[in-house]
Asker: 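If you scroll down you'll find the structure; I have some questions about it.
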Amino acid sequence: MRPRSWAIPVRYVAMAAVALLFVGPFLILFTTALKPSDQQVFSFPPSLLPWPPAVDHLVEAWHAIPFGRYLLNSLIYVVATVPLYMTVSALTAYPLARYAFRGRQLCFYLILSILFLSPEVMLIPRFLVVSELGLTDTFLGVILPSGLSASGVFLLRQAFAAIPAELPDSARVDGANEFRIFWSVMLPQVRPTLAVLGIFGFVSVWNNFVWPLVVLKDSDKYPIALGLAYLDSTLGADARTVAAGALIALAPVVIVFLAMQRQFIEGMQGSMKG
Amino acid sequence: MTTIASAAPTATSPVPAPSDGPARRGPARGNAVGQARWIPYAFLIPGLAFLGVFFAWPAFTAIQLAFYRYDVVSPPEFIGLDNFATAFTSPDFWQALRNSALFLLMYLPLVVFLPLLLAVLVNAKIRAVSTFRLLYYLPVVTPMVAIAIAWSYVFHPRGGLNWALLELGVVDEPIQFLLDSTWALPAVVAVEVWHGLGYFMVIYLAGLQAIPQDLYAAAALDGAGWWRQLTSITMPLIRPYFAVCLVLGGVFSMQAFASIYVLTGGGPQGGSSTLGFYIWSEAFQRFNFGYASAVGLILWALLLTFAAVSHRLSRGDAA
């Protein structure tokens with residue numbers, strides 16, 4: 001069966017048309033941010049090309065709110081949260097995958113039950129717990145509740161279970177203790193899974209909105225998404241500056257995505273096959 | 001869900017499993033190397049601590065608080081079922097519930113069917129196809145606040161969408177999409193759908209790529225056309241992935257927040273406020289923590305029902 005000759009061109013046209021729908025809103029941000037002050041942002045018909053392109057509004061957005069501070073904060077949240085949640089998930093997944101012990105099933109079902117505690121339902125009580133611990137309006141208050149994730153535990157548990165038993169056994173024969181085996185023998189084996197968790201952890205921490213909104217009062221601790229919403233609510237009328245701010249906020253995560261595109265798509269497909 | 005389904009007990013080392021007779025099974029067996037029994041528990045300490053502090057404790061707090069009046073300032077006061085009575089007689093609650101239901105009804109079909117078409121579209125071994133996959137996935141990783149800002153320009157009274165509608169003669173005057181009680185919620189749903197399409201597409205793509213290609217070759221030999229191949233091979237084999245999308249779609253539809261916050265603020269007059277948004281605003285704008293917790297429990301019950309129903313449906317079909 002030879003494919004029909006028009007099938008491939010038609011597919012390209014369709015793919016490109018759909019791509020336009022996905023890229024369009026990004027282009028709108030881009031052109032709006034670059035429009036000079038004397039060019040209408042909104043007009044019939046829409047004037048798409050910013051001419052002459054102006055970077056004033058990028059500079060203006062950068063100074064309108066402390067963007068540098070917010071980017072740094074987001075970086076701190078990522079750098080603190082992602083290793084924490086990878087470590088806690090790995091430590092939890094490992095015994096569930098590799099040891100037989102009393103209470104294993106119970107532990108597994110307890111972790112499973114997290115999936116049923118949806119974030120929007122947990123918002124208030126978790127806020128109250130965090131304030132009970134004196135962590136409201138602190139970096140730790142934003143970071144700690146993300147320390148354990150059920151999906152992280154499940155993915156790592158599968159990865160640990162797939163390691164052949166000869167590996168830890170030979171290390172045992174060599175006299176390594178169980179923690180050393182976990183750290184030096186088993187953990188390197190699940191590196192691909194850890195990478196997937198790291199990438200998705202980065203995105204979800206960077207984009208997290210409602211939890212920091214609830215926990216933080218002091219705007220000096222805002223992550224970038226909150227800072228951008230703040231810019232939007234105070235300078236909403238100035239579309240060029242807000243669009244410029246949106247570009248600043250989305251650039252880092254989009255760059256990471258483009259740089260690690262393969263890991264993203266394969267990682268997500270891998271987690272589905274599991 | 002695949003993740004849960006395959007999470008059934010698997011091999012438990014340290015000793016290789018295959019030759020294990022029944023005599024060697026059972027909990028807490030010691031093993032040949034003589035490792036101490038406390039070791040697995042030591043590994044579990046951090047995980048269980050986090051589970052206790054950030055999941056179990058809040059869950060019990062949530063249940064307890066629903067029966068109290070609590071505004072953070074004065075001490076909680078037990079009021080029995082009053083919070084639930086207030087909810088069921090409050091027009092705002094019913095409006096939020098209705099909005100959540102409408103949200104689900106609009107969102108779910110779109111994110112379950114459109115991504116399948118996208119996946120079929122980009123499931124071809126041709127040049128540059130991965131670039132298109134990448135572009136379709138781009139919104140998934142983009143912060144929702146930035147996305148919502150971009151779309152607020154699309155929905156602007158003098159924005160591109162209104163211009164197109166006027167040019168096509170669909171409307172006579174521009175629509176204030178985000179301020180209009182009819183259009184605010186669908187506008188939010190449209191943005192959430194756009195945001196999620198790539199995510200669901202990748203799920204379907206995994207499903208499509210798991211189908212052995214010789215099935216299609218054999219079907220083609222037997223004279224099955226494009227449509228027949230789709231309905232007799234692709235659809236049945238993709239069904240488990242369909243179920244995953246159904247469940248995740250339901251979960252995601254309840255989690256919309258930043259989009260509502262930025263685009264409409266829940267307005268006009270609560271017209272685009274879903275239950276999740278309503279809970280947040282009752283608690284953190286009006287400080288009715290007890291009442292908001294009660295609404296949270298109602299939402300929780302609805303979510304568990306949805307999960308149970310969709311689990312049953314997908315199991316009944318896929319098995």
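In what follows, every heavy atom counts, from backbone to side chain, and hydrogens, waters and symmetry copies are set aside. To find a chain, count down the sequence lines: A is the first, B the second, and so on, and within it residues start at 1.
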Asker: B/Val122 and B/Val129: which non-hydrogen atoms are nearest, and at how many Å?
Answerer: O-CG2, 3.3 Å

Asker: Which region of A/Val256, side chain (C-beta onward) or backbone (N, CA, C, O), has a non-hydrogen atom less than 4.5 Å from a non-hydrogen atom of chain B, or is it both or neither?
Answerer: neither

Asker: At a heavy-atom separation under 4.5 Å, does A/Leu84 approach chain B through its side chain, its backbone, both, or neither?
Answerer: side chain

Asker: Looking only at atom types and distance, does a side-chain atom of A/Arg98 sit under 3.5 Å from a main-chain N or O of A/Ile163, one as donor and one as acceptor?
Answerer: yes

Asker: Go through the atoms of A/Leu247 and report whether side chain, backbone, both or neither lie under 4.5 Å from a heavy atom of chain B.
Answerer: neither

Asker: Which bit of A/Val242 comes within less than 4.5 Å of chain B, counting heavy atoms only: side chain, backbone, both or neither?
Answerer: both

Asker: Which bit of A/Glu132 is near chain B, if near means a heavy-atom gap under 4.5 Å: side chain, backbone, both or neither?
Answerer: side chain

Asker: What part of A/Leu226 gets closer than 4.5 Å to chain B, counting heavy atoms only: side chain, backbone, both or neither?
Answerer: neither

Asker: Would you tabulate the side-chain donor-acceptor contacts of residues 154-162 of chain B under 3.5 Å, counting partners in other chains and residues two or more places apart, or write 'none'?
Answerer:
{"residue": "B/His156", "atom": "ND1", "partner": "B/Arg158", "partner atom": "N", "Å": "3.0"}
{"residue": "B/Asn162", "atom": "OD1", "partner": "B/Ile175", "partner atom": "N", "Å": "2.8"}
{"residue": "B/Asn162", "atom": "ND2", "partner": "B/His156", "partner atom": "O", "Å": "3.1"}
{"residue": "B/Asn162", "atom": "ND2", "partner": "B/Pro157", "partner atom": "O", "Å": "3.3"}
{"residue": "B/Asn162", "atom": "ND2", "partner": "B/Ile175", "partner atom": "O", "Å": "2.9"}

Asker: Does the structure place the NZ or CZ of A/Arg126 under 6.0 Å from the centre of the six-membered ring of B/Phe55, at an angle of no more than 45° from the ring's axis?
Answerer: yes

Asker: Measure distances from A/Phe127 to the heavy atoms of chain B and classify the residue's part below 4.5 Å as side chain, backbone, both or neither.
Answerer: side chain

Asker: B/Val72 versus chain A, heavy atoms under 4.5 Å apart: side chain, backbone, both or neither?
Answerer: neither

Asker: Side chain, backbone, both or neither: which part of A/Leu128 has a non-hydrogen atom closer than 4.5 Å to chain B?
Answerer: side chain

Asker: Sort A/Leu144 into side chain, backbone, both or neither according to what part of it lies under 4.5 angstrom from a heavy atom of chain B.
Answerer: both

Asker: Hey, what's the ring geometry for B/Trp280 with B/Phe257, parallel, tilted or perpendicular (30° and 60° as the breaks)?
Answerer: perpendicular

Asker: Under a 4.5 Å heavy-atom cut-off, does chain B meet the side chain of A/Thr87, its backbone, both or neither?
Answerer: neither

Asker: Measure A/Phe160 against the heavy atoms of chain B and call it side chain, backbone, both or neither at under 4.5 Å.
Answerer: neither

Asker: Under 3.5 Å, is there a donor-acceptor pair between the side chain of A/Arg157 and the main chain of A/Tyr94?
Answerer: no

Asker: Could you pull out every donor-acceptor pair under 3.5 Å between side chains of residues 144-152 of chain B and any protein atom, sequence neighbours left out?
Answerer:
{"residue": "B/Ser152", "atom": "OG", "partner": "B/Ile149", "partner atom": "O", "Å": "2.6"}

Asker: Answer yes or no: is there a side-chain heavy-atom contact under 4.5 Å between B/Asn288 and B/Tyr70?
Answerer: no

